[in-house]
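Here is the structure we will look at, set down as structure tokens.
Along the sequence shown, residues carry numbers from 1. As the structure is a prediction and not an experimental result, all values here were calculated from the model. These numbers come from the heavy atoms of this one structure, side chains and all, not from hydrogens, waters or symmetry mates.
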Amino acid sequence: MLDEGGVMTSKQTADEPRARSVKSLDGPFRGATQAVFTRDHELIKQWATERHATPATGEATGSGPATFKVNDGGAGIRFNFPGAGAFRPIGWDEWFENFDHHACAFVHDSDSSRPLSSRYRIVKAKDWEDLLS
């Protein structure tokens, strides 16, 4: 939902969907059957939990030093996956604080095949509005 200044807000009305399909994509989602765009914290946590992913960052924050440069719309947040935990672990509160502060959206492949796809992007929500169905 955009506020009067064109900034994505985390408020959601009862009529507003918790996630939206993206019409077309470039980059890591090319060829995906469908991609999902969401700002809903619970949906993001559910996606991560299903993949045993944990919240992480590569940038310096109040909880620790920088470890990697992260290209994600400025929020500095990522996920660590089992066997591939290169980023510094952080808590969900800090992860979502950065996510909301930078007006990001979470885009992921909706393919439900096994094993589950772990392809995702953290993007500036306003930059993707024209792709929403």
Side-chain angles (χ1 to χ4, degrees):
M1 162 188 244
L2 290 178
D3 69 12
E4 295 156 1
V7 175
M8 184 66 73
T9 65
S10 61
K11 294 178 185 172
Q12 183 176 345
T13 66
D15 297 332
E16 186 178 350
R18 294 175 58 197
R20 295 184 180 168
S21 298
V22 177
K23 292 178 183 174
S24 62
L25 295 167
D26 291 326
F29 295 99
R30 184 173 291 136
T33 56
Q34 184 179 16
V36 176
F37 172 102
T38 189
R39 291 194 32 81
D40 185 278
H41 292 191
E42 290 306 313
L43 288 178
I44 296 167
K45 284 174 105 171
Q46 178 183 348
W47 180 92
T49 299
E50 289 171 351
R51 289 153 181 82
H52 306 284
T54 56
T57 186
E59 297 187 2
T61 67
S63 67
T67 56
F68 291 97
K69 173 78 172 130
V70 180
N71 183 15
D72 63 1
I77 51 178
R78 281 302 207 221
F79 288 108
N80 283 329
F81 294 91
F87 299 105
R88 182 171 53 80
I90 59 174
W92 279 113
D93 288 343
E94 183 176 2
W95 197 94
F96 283 119
E97 181 180 315
N98 286 310
F99 181 82
D100 291 338
H101 176 76
H102 293 281
C104 292
F106 184 73
V107 183
H108 66 88
D109 184 349
S110 68
D111 185 2
S112 61
S113 63
R114 298 286 179 191
L116 292 171
S117 171
S118 60
R119 294 189 297 177
Y120 75 96
R121 288 180 76 183
I122 298 168
V123 300
K124 289 288 190 182
K126 67 179 182 167
D127 294 344
W128 283 56
E129 286 182 318
D130 61 332
L131 295 176
L132 298 177
S133 57

Side chains of [X] and [Y]: closer than 4.5 Å at any heavy-atom pair?
X: P89; Y: T54; answer: no
X: I44; Y: H108; answer: no
X: I77; Y: E94; answer: no

Taking atom CZ of R78 and atom CH2 of W95, what is their separation to the nearest 0.5 Å? 9.5 Å
Main chain of H102, side chain of K124: is a donor-acceptor contact present, judged purely on distance under 3.5 Å? yes
Taking all non-hydrogen atoms of both residues into account, name the closest pair between [X] and [Y] and its distance.
X: N80; Y: A56; result: ND2-CB, 3.5 Å
X: L43; Y: D40; result: N-OD1, 2.8 Å
X: A125; Y: R39; result: CB-CD, 4.1 Å

Only one of W47, F96, F99 clears ring-ring contact (aromatic ring centres under 6.0 Å, His included) with F106; which? W47
Under a plain distance cut-off of 3.5 Å, with no hydrogens placed, do Q46 and E42 share a side-chain donor-acceptor pair? no
